[in-house]
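Sequence lines set the chain letters: A, B, ... in the order given, protein chains first and strands last, and positions in each chain run from 1.
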Amino acid sequence: AQKVTQAQTEISVVEKEDVTLDCVYETRDTTYYLFWYKQPPSGELVFLIRRNSFDEQNEISGRYSWNFQKSTSSFNFTITASQVVDSAVYFCALSFPQGGSEKLVFGKGTKLTVNP
Amino acid sequence: EPEVTQTPSHQVTQMGQEVILRCVPISNHLYFYWYRQILGQKVEFLVSFYNNEISEKSEIFDDQFSVERPDGSNFTLKIRSTKLEDSAMYFCASSGDRGQGYTFGSGTRLTVV
């Protein structure tokens, strides 16, 4: 069965601190995709990144970076120099295309609070 | 940038009433989805729709739920007889192809009273 675990329920940091959000996944599929979404207090789901299972290269986008390690089934997300606007719930998700569907399995989310 | 549009943004309905949540996916997308998020909880898959039929559904998607793509542009989720526990944020999503990732709508908050 496919599963995503985000062990950190809530994290609170002070502005400008670096913070890493952990994500561990389980799947038997060899082809799968990993995602991170941000859900600000307004409620929408904002896409941050997609990574396929064959690409373990780490990615950096501005203050955001992602570390994908298949050996530990982890896809961790780091925010460098956090800002108040980063306060949100962050969801890690896993998808595995099959037939006419590609459902996403979400983790329970990590609520990040960045204090000024 | 193309968007997935959901209406209404908030709907309040009485228990037992039928409700229809509406979505306009991105025009050239082929795969359509509904997800649900009960307040404070994780986002859960309800149903996927491809080639004018349901391709996968979850245990949550029982006989009270149905989906339709009536006119090639709208994608609707109907709940026949709402229960209090149907209160949640409902997200519509679409994708152009599998593996490309989704575009989510901004959600409809359904409150059943």
Side-chain angles (χ1 to χ4, degrees), chain A residues 1-10 21 23-25 27 29-55 59 61 66 75 88-111, chain B residues 1-6 8-10 23 26 29-61 67 69 88-111:
Chain A
Q2 287 76 15
K3 187 178 175 184
V4 175
T5 301
Q6 294 180 255
Q8 305 148 308
T9 307
E10 291 193 41
L21 310 182
C23 173
V24 173
Y25 64 92
T27 181
D29 296 274
T30 54
T31 301
Y32 55 89
Y33 296 85
L34 294 162
F35 301 81
W36 276 94
Y37 285 89
K38 174 182 179 179
Q39 187 174 46
S42 49
E44 72 271 25
L45 288 167
V46 179
F47 168 80
L48 295 178
I49 190 172
R50 172 178 60 96
R51 172 66 75 222
N52 76 55
S53 53
F54 300 108
D55 182 3
E59 180 152 342
S61 175
W66 291 269
F75 186 46
V89 179
Y90 290 86
F91 290 98
C92 180
L94 168 70
S95 82
F96 39 100
Q98 55 182 29
S101 177
E102 184 192 353
K103 74 178 186 185
L104 283 171
V105 174
F106 283 82
K108 292 185 177 180
T110 298
K111 182 178 180 181
Chain B
E1 189 169 326
E3 288 186 344
V4 173
T5 305
Q6 288 187 246
S9 56
H10 192 186
C23 170
I26 294 174
H29 279 187
L30 302 174
Y31 299 83
F32 312 106
Y33 304 85
W34 283 101
Y35 283 77
R36 177 181 87 172
Q37 184 184 30
I38 294 171
L39 187 64
Q41 298 188 22
K42 69 177 179 180
V43 181
E44 298 174 292
F45 169 78
L46 288 178
V47 66
S48 57
F49 192 87
Y50 170 70
N51 202 24
N52 287 317
E53 60 182 16
I54 291 174
S55 45
E56 189 175 359
K57 60 183 180 180
S58 71
E59 294 171 354
I60 303 168
F61 195 88
V67 290
R69 190 159 157 79
M89 180 78 96
Y90 288 81
F91 291 102
C92 173
S94 68
S95 70
D97 198 358
R98 295 171 305 163
Q100 287 186 355
Y102 291 7
T103 301
F104 278 93
S106 54
T108 293
R109 180 163 298 286
L110 177 66
T111 304

Chain A contact via B:Glu44 - side chain, backbone, both or neither, heavy atoms under 4.5 Å: neither
Enclosure of B:Lys57 NZ (heavy-atom neighbours >12, cutoff 6.0 Å): no
Side chain B:Tyr33, main chain A:Glu102, donor-acceptor under 3.5 Å: yes
Distance-minimising heavy-atom pair for A:Gly43 and B:Met89: O-CE, 4.3 Å
Heavy-atom pair count under 4.5 Å with chain A, highest-scoring of B:Phe49, B:Tyr35, B:Tyr50, B:Phe32: B:Tyr35
Residue A:Gln6 versus chain B: region with a heavy atom under 4.5 Å: neither
A:Phe96 versus chain B, the contacting section by heavy-atom distance below 4.5 Å: neither
Distance (rounded to the nearest 0.5 Å) between A:Gln39 CD and B:Phe91 CZ: 5.0 Å
Contact leader toward chain A among B:Gln41, B:Glu53, B:Lys42, where contacts are heavy-atom pairs under 4.5 Å: B:Lys42
A:Glu59 atom CD, over 12 foreign heavy atoms within 6.0 Å: yes
Member of A:Leu104, A:Val105, A:Leu45 meeting the side-chain contact (heavy atoms from CB on, under 4.5 Å) criterion with B:Val43: A:Leu45
Interatomic distance, A:Phe47 atom CZ to B:Phe104 atom CZ [nearest 0.5 angstrom]: 11.0 Å
